[in-house]
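The structure under discussion appears below in the form of structure tokens.
These numbers were taken from a predicted model, which means no experiment stands behind them.
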Amino acid sequence: KIILSSFASLLFLSQASNAEIKIGKGSLTFNAGVNSQYISRGVDQNKDTVSPFVGADFTHPLGDFNFYLGAWTTTQDNVTGAGGQERDYYLGITKSMGMATLDVGYISYNYPGADVPSQKQYAEYYGKITLAPEKQPYTFGIAYYQDDTGGIKNSSNKKYDRNYYEVNATYDFGPVQSLVSYGVLDNDTNTTTVSISKELVGIGFTLSYINAQKDDATLSQLNRNRDYITLSAKKTF
């Protein structure tokens, strides 16, 4: 029922006028959607429960670069006492150089009311490079996220890094678009994702298969390997 009502809301939004707001040379856009499961880097963040989300993004040209600033929130059930909510804030710049696009930024993940102070917030610096050859239906990308909050401690009070690395590729088949990615979260999870996406009635639908292999069960939020099949719907307006 939650999924159907969320999809119905998105269908309503898809019929609404474009809500993009011009601010000088910049623009403000909004997005809303729903995930059948909220999986982040191979870890189920909401205990196999549907997770609706909303977000906003501001972009503005900055010389030869493009500046962006955004906020995003969804439901989660992994951080005790956080009120079932995750709030993310991020900013960065992008730069296109021929077939390459560079994206460098900073993101903060926040869990209001978390019982453990160290779980209220953590953050990362990140850098991404995407190669998109002209007039070709494919892209290749790499990404690196550097932990900015000192890692995480296990039950033996030993601290581990929480950096994340990813390689990915996309291919546009015409009727659908595909994505394949492989990501490594230090001392935790290795994740393979295969997705196909399709826009219908102004809504982007993505069907994904996710395989999560645990590197160290003493640190993982789930102490076993898992496979997921998820469906998401997103509307940008």
Side-chain angles (χ1 to χ4, degrees), residues 1-11 13 30-57 70-90 107-116 119-124 126 128 143 145 147 149 152 162 164-166 168 179-186 188-198 203-215 217 219-236:
K1 290 182 180 180
I2 295 174
I3 293 176
L4 289 174
S5 63
S6 298
F7 284 175
S9 298
L10 288 175
L11 285 170
L13 287 173
F30 303 90
N31 64 83
V34 59
N35 293 311
S36 62
Q37 288 175 272
Y38 175 24
I39 311 299
S40 176
R41 299 174 183 177
V43 176
D44 183 355
Q45 303 293 317
N46 204 30
K47 297 183 179 178
D48 297 325
T49 302
V50 172
S51 296
F53 61 85
V54 295
D57 293 279
W72 184 82
T73 185
T74 189
T75 55
Q76 64 80 38
D77 197 20
N78 258 352
V79 179
T80 304
Q85 187 178 38
E86 174 185 332
R87 300 175 186 173
D88 301 343
Y89 308 101
Y90 50 89
I107 183 168
S108 173
Y109 307 89
N110 299 268
Y111 303 90
D115 292 345
V116 181
Q119 294 182 340
K120 289 180 180 293
Q121 184 268 350
Y122 73 95
E124 299 170 319
Y126 59 84
K128 308 175 187 178
Y145 290 75
D147 181 22
T149 42
I152 189 171
R162 297 285 283 178
Y164 179 73
Y165 319 79
E166 183 181 287
N168 58 69
L179 166 81
V180 177
S181 69
Y182 180 75
V184 176
L185 179 61
D186 278 343
D188 197 312
T189 314
N190 301 333
T191 306
T192 302
T193 302
V194 179
S195 301
I196 55 172
S197 300
K198 174 73 174 179
I203 301 173
F205 292 89
T206 301
L207 180 67
S208 301
Y209 164 73
I210 303 169
N211 172 258
Q213 299 292 321
K214 297 304 176 181
D215 185 48
L219 288 176
S220 299
Q221 298 179 54
L222 293 173
N223 294 323
R224 57 191 176 91
N225 300 333
R226 286 200 65 179
D227 294 290
Y228 307 91
I229 294 180
T230 66
L231 176 64
S232 68
K234 179 180 178 181
K235 169 67 178 176
T236 300

Using side-chain heavy atoms (C-beta onward) and a distance below 4.5 Å, is V43 in contact with T189? yes

Donor-acceptor side-chain pairing of T230 and S36 below 3.5 angstrom: no

Applying ring pair (Phe, Tyr, Trp, His ring centres under 6.0 Å) to Y165 and not counting sequence neighbours gives Y144

Those residues that, when tested against E166, pass salt bridge (Lys or Arg N to Asp or Glu O under 4.0 Å) (two or more places apart): none

Mind checking what makes side chain to side chain donor-acceptor pair (under 3.5 Å) contact with S40, not counting sequence neighbours? none

Could you give the distance from CG (N46) to CD (E86), rounded to the nearest 0.5 Å? 10.0 Å

Does either side chain, that of Q121 or that of S108, offer a donor lying less than 3.5 Å from an acceptor on the other one? yes

The criterion is side chain to side chain contact (heavy atoms under 4.5 Å, CB included); which residues satisfy it with K120, sequence neighbours excluded? A114

Contacts of D88 that satisfy salt bridge (Lys or Arg N to Asp or Glu O under 4.0 Å) - sequence neighbours left out: none

Judged by modelled atom types alone, do N211 and Y182 share a side-chain donor-acceptor pair under 3.5 Å? no

Mind checking side chain to side chain donor-acceptor pair (under 3.5 Å) for T192 and listing every partner two or more places apart, or none if nothing turns up? none

Ignoring hydrogens and angles, tell me if any N or O in the side chain of N110 forms a donor-acceptor pair with the backbone of R87 under 3.5 Å. yes

Can you confirm whether N168 sits close enough to L179 that some side-chain heavy atom of one is under 4.5 Å from a side-chain heavy atom of the other? yes

Ring pair (Phe, Tyr, Trp, His ring centres under 6.0 Å) against F53, all qualifying residues, sequence neighbours excluded: W72

Would the distance check show the side chain of T191 and the main-chain N or O of R41 forming a donor-acceptor pair, the cut-off being under 3.5 Å? yes

Spell out, as yes or no, whether a donor-acceptor pair under 3.5 Å connects the side chain of T75 to the backbone of Q85. no

Judged by modelled atom types alone, do D48 and Q37 share a side-chain donor-acceptor pair under 3.5 Å? yes

Partner set under side chain to side chain donor-acceptor pair (under 3.5 Å) for N190, not counting sequence neighbours: none

cation_pi(R162, Y122) dist<6.0 Å, angle<=45: no

Mind checking salt bridge (Lys or Arg N to Asp or Glu O under 4.0 Å) for K47 and listing every partner two or more places apart, or none if nothing turns up? D77

I'd like to check the side chain to side chain donor-acceptor pair (under 3.5 Å) partners of S195; sequence neighbours left out, ordered by chain and number. S208

